[in-house]
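First up is the structure itself, then whatever we jot down about it.
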Amino acid sequence: MTILENISLQPYNTFGIAAKAKYFVEINHLDELQAIRETTIFKHNERLVLGGGSNMLLCKDFDGLVIKINLKGISLLTDNHEKAILKVAAGEVWHELVIFCVNQNIGGGIENMSLIPGCVGASPMQNIGAYGVEIKDIFKELTAFHIESGALHTFNKTQCEFGYRESVFKRKLKGQYIIVEVIFELDKTKPTNTSYGAIQQTLDEAGIKDITIKEISKAVCAIRQSKLPDPKVLGNAGSFFKNPEIQNDQFQKLHLEYPQMPSFPTIEGFTKVPAGWLIEQCGWKGKVVGHTGVHKNQALVLVNYGEATGEEIKKLAFDIIESVKVKFGITLENEVNFI
Ligand code: FAD
Ligand code: EPU
C-alpha cells in the first residue's frame with residue numbers, strides 16, 4: 001500500500017475532468033483500510049472514497065486523500081431453485097457482477113440493471129436503479145468500515161433507508177463509512193420484468209419469443225447504448241439530475257398548462273416528472289456551451305467535449321436548474337455528487 005502524491009484523477013472519473021489529488025491510495029485488501037487509518041495523512045486530511053468515478057463531478061483539485069477501493073471477490077453463498085445469495089466485494093465492477101449472475105442463470109431483477117457503470121460498493125450509496133428495478137429490490141445487507149472507530153458494521157435493508165437515488169449513507173451517515181462488501185439475495189422464482197420502457201418492444205423487434213434473463217440483459221444493454229453516451233468516447237456521469245417528485249396538485253396545475261408533460265407514479269401524494277423532458281422543453285437538448293453541453297439524445301446527461309473543467313459543468317448545471325425553475329416552478333436536484 002503506497003500513498004502517491006499529486007495524482008491526476010482524469011482516468012478515474014467518467015466525466016474525464018483533469019483534476020488532481022494531493023494524495024492517492026489504492027486499497028486491495030481489508031487490512032489495508034485499517035493500516036491507512038493509522039497514517040498521519042489519513043488523520044489530517046479530507047478523504048474521498050472512490051469507486052468507478054461515474055457519479056461525481058470534480059469541481060476542483062482534491063486537496064486531500066483519495067481512497068480508491070479495489071477490494072475483489074464474488075462468492076455464491078446459496079444457489080437453489082428459489083434463490084441465490086451472493087457476497088460481493090466493493091471493488092467489483094457492477095456490470096461484471098450482472099454478467100456473472102446472468103451466465104449462471106441467476107436473475108431476480110439484476111438483469112434489468114445491466115450496463116450501469118461503477119463499482120458494487122457505490123451501488124447502495126444512491127440505491128442505483130434502471131428499467132424498473134432498484135438495488136433495494138435485491139439487497140440483503142452490507143458491511144461497512146466505520147472510519148472513526150475502524151470497526152466493521154453491518155446494515156440491513158431497513159437500516160440503509162433506501163429511497164429513490166437515496167440511502168442513509170448520502171444523508172445522516174454521509175462521510176462516516178466505507179462500504180466494503182454487499183450481500184444480494186436474488187429471487188429466482190420472480191417473473192422477468194419487461195414492462196419498463198422499451199424492453200418488450202426491443203425483444204419484439206428482434207423476434208425473441210423465449211424471454212430469458214440473458215435476452216433481457218442484452219435488450220437493456222442495446223437500449224442504453226442507443227441513448228446514453230459511452231464515457232470512454234464522451235465524458236459524462238449518466239443522469240446529472242434526479243427526476244423531480246412533485247406534489248400531485250402542483251402536477252395537476254402544470255398538466256393543464258402542458259398536457260404533453262409525461263409523468264410516472266411514485267410515492268403517495270407525489271408524481272414523478274422526467275427531468276429530461278423539462279430540460280428539453282427549456283431548449284437545452286443538444287446545446288454546446290464552451291467545452292461542455294447537453295447530450296443530443298438525452299437531455300438529462302451533461303457531457304464534457306474534452307477539456308471542460310468541473311466548474312464549467314457546474315455552471316451549466318446551475319443555468320439549467322434556473323431555467324427549469326423559471327419555466328415550470330420545479331427545482332431540479334443533482335444526482336451527481338459535487339466534490
Ligand atoms: P463513484 O462515482 O466512485 O462514487 C459515487 C459516490 O459514492 C461518491 O460520493 C463516493 O465517495 C461514494 N463511494 C464510492 N464507493 C464507495 C464505497 N465503497 N463506500 C462508501 N462510499 C463510496 N446510476 C443509476 O442509478 N442508474 C443508471 O441507469 C445509471 N446509468 C449511468 C449511465 C452512465 C453512462 C453513467 C456514466 C453513470 C450512470 N449512473 C447510473 C450513475 C453511476 O453509474 C452510479 O451512481 C454508480 O453506482 C456509481 O458507482 P461508482 O463506483 O462509479 O461511484
Ligand atoms: N425525455 C425527454 N427528453 C429527453 C430525455 C427524456 O422528453 O431528452 C422524457 C421522455 O418522455 C422519456 C422520459 O423522459 O420517456 C424518461 O426518459 P428515459 O427512459 O431515458 O429515462 P430517464 O428518466 O431520463 C431514468 C434514470 C436512469 C435510468 C433510466 C432507465 C434517473 C435520474 N435516471 O432516466 O438512470 O437508466 O431511467 O430506468 O432516475 C442515472 O441515474 O444516471 C441513470 C442514467
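When a ligand or atom number is given, it counts from 1 through the structure's own listing order. A quick note: this is a predicted structure, and the numbers were derived from the prediction, not measured.
- Proximity of the aromatic rings of Phe251 and Phe270 is defined here by a centroid distance below 6.0 angstrom, and this criterion is not met.
- Checked by distance only, ligand 1 and Ser54 come closer than 3.5 Å through their nitrogen or oxygen atoms.
- For atom 47 (O) of ligand 1, the closest heavy atom belonging to the protein is Ile128 CG2, 3.2 Å.
- Within the 3.5 Å criterion, the main-chain N or O of Gly109 finds no donor-acceptor partner in the side chain of Asp137.
- Remark: minimum distance from atom 4 (O) of ligand 1 to any protein heavy atom is reached at Met56 CE, 3.6 Å.
- Between Phe338 and Phe318, the ring planes lie tilted relative to each other; the angle falls in the 30° to 60° range.
- Side chain to side chain, Asn127 and Glu134 meet the donor-acceptor criterion of an N or O pair below 3.5 Å.
- A cation-pi geometry, defined here as NZ or CZ lying under 6.0 Å from the six-membered ring centre and within 45° of its normal, does not hold between Lys68 and Tyr12.
- Residue Asn127 has no N or O atom closer than 3.5 Å to an N or O atom of ligand 1.
- In this structure, Arg224 is part of the shell of residues with a heavy atom less than 4.0 angstrom from ligand 1.
- Of the N or O atoms in Ala90, none lie within a sub-3.5 Å distance of an N or O in ligand 1.
- Using a cutoff of 4.0 Å between basic side-chain nitrogens and carboxylate oxygens, Lys214 and Glu111 are not scored as salt-bridged.
- Atom 40 (C) of ligand 1 has as its closest protein heavy atom Ile116 CG2, 3.7 Å.
- Between Thr14 and ligand 1, no N or O atom pair is found at a separation short of 3.5 Å.
- Ile179 N, 2.8 Å is the protein heavy atom nearest to atom 19 (N) of ligand 1.
- Looking only at protein heavy atoms, the nearest one to atom 2 (O) of ligand 1 is Asn55 N, 2.9 Å.
- Distances from atom 43 (O) of ligand 1 to the heavy atoms of Gly118, Ser114, Pro117 put Pro117 nearest.
- Judged by distance alone, with hydrogens and angles left aside, the side-chain atoms of Ser263 form no donor-acceptor pair with the main-chain N or O of Lys272 at under 3.5 Å.
- Considering backbone and side-chain atoms together, Gly129 places an N or O closer than 3.5 Å to an N or O of ligand 1.
- Taking 4.5 Å as the limit, every side-chain heavy atom of Ile27 sits out of range of all side-chain heavy atoms of Asn70.
- The shortest N or O to N or O distance between Gly52 and ligand 1 is under 3.5 Å.
- In terms of polar-atom proximity, defined here as any N/O pair under 3.5 Å, Gly238 makes no such contact with ligand 1.
- With ligand atoms numbered from 1 in the order given, ligand 1 contributes 20 (C) to contacts under 4.0 Å with heavy atoms of Tyr177.
- At the top of the distance list for atom 21 (N) of ligand 1, counting protein heavy atoms only, stands Met125 SD, 3.5 Å.
- Any N or O atom pair closer than 3.5 Å counts here, and Cys119 shares at least one such pair with ligand 1.
- In this structure, Lys87 and Glu181 have side chains that are in contact, with non-hydrogen atoms separated by less than 4.5 Å.
- Gln126 and Glu335 are linked by a side-chain donor-acceptor pair at a separation below 3.5 angstrom, with hydrogens and angles left out of the test.
- Judged by distance alone, the side chains of Asn248 and Gln252 never bring a donor and an acceptor atom under 3.5 Å apart.
- Closest protein heavy atom to atom 10 (C) of ligand 1: Val49 O, 3.1 Å.
- Using a non-hydrogen distance threshold of 4.0 Å, Phe169 does not register as a contact of ligand 1.
- The aromatic rings of Tyr177 and His146 sit tilted relative to each other, their planes meeting at an angle between 30° and 60°.
- Listed by chain and number, residues touching ligand 2 at under 4.0 Å (heavy atoms only) are Ala130, Tyr131, Tyr164, Arg165, Tyr196, Arg224, Lys227, Gly238, Ser239, Phe241, Lys242, Asn243, Pro262, Pro274, Gly276, Trp277, Glu280, Lys285, Gln298, Ala299, Leu300, Glu335.
- Nearest protein heavy-atom neighbour of atom 23 (N) of ligand 1: Gln126 NE2, 3.3 Å.
- Contact atoms of ligand 1 toward Gly53: 1 (P), 2 (O), 3 (O), 50 (P), 52 (O) (distance under 4.0 Å to a heavy atom of the residue).
- A distance of 6.0 Å or more separates the ring centres of Phe24 and Phe62.
- Contact annotation: Lys170 has no heavy atom less than 4.0 Å from any atom of ligand 1.
- For a threshold of 3.5 Å applied to N or O pairs, the pair formed by Ala237 and ligand 1 contains no separation below that value.
- Side chains of Thr189 and Glu82: no donor on one and acceptor on the other come within 3.5 Å.
- Looking at Lys242 and Glu166, a side-chain N of the basic residue comes within less than 4.0 Å of a carboxylate O on the acidic one, giving a salt bridge.
- The side chain of Asn337, and not its backbone, has at least one atom closer than 4.0 Å to an atom of ligand 1 (non-hydrogen atoms only; side chain from C-beta on).
- Relative ring orientation between Tyr196 and Phe264 is described as parallel, the plane-to-plane angle staying below 30° on a 0-90° scale split at 30° and 60°.
- For the pair Lys60 and Glu311, the salt-bridge criterion is not met [side-chain N within less than 4.0 Å of a carboxylate O].
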Start with the C-alpha distance between Gln34 and Glu38, add both sets of side-chain angles, then the distance that settles side chain to side chain donor-acceptor pair (under 3.5 Å), and finish with yes or no.
-> CA-CA 7 Å; Gln34 290 291 358; Glu38 302 299 324; over 6 Å; no
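- Dense packing is recorded around NZ of Lys285, with more than 12 heavy atoms of other residues, nucleotides or ligands lying under 6.0 Å away.
- Checked by distance only, ligand 1 and Asn236 stay at 3.5 Å or farther apart across all their nitrogen or oxygen atoms.
- Across Ala122, Ser167, Ser239, Pro231, heavy-atom proximity to atom 15 (N) of ligand 1 is greatest for Ala122.
- A donor and an acceptor atom, one from each side chain of Ser114 and Ser217, are located under 3.5 Å apart.
- Residue Ala130 touches ligand 1 through its side chain alone, judged by heavy-atom distances below 4.0 Å.
- Contacts with ligand 1 closer than 4.0 Å are made by no heavy atom of Val180, backbone or side chain.
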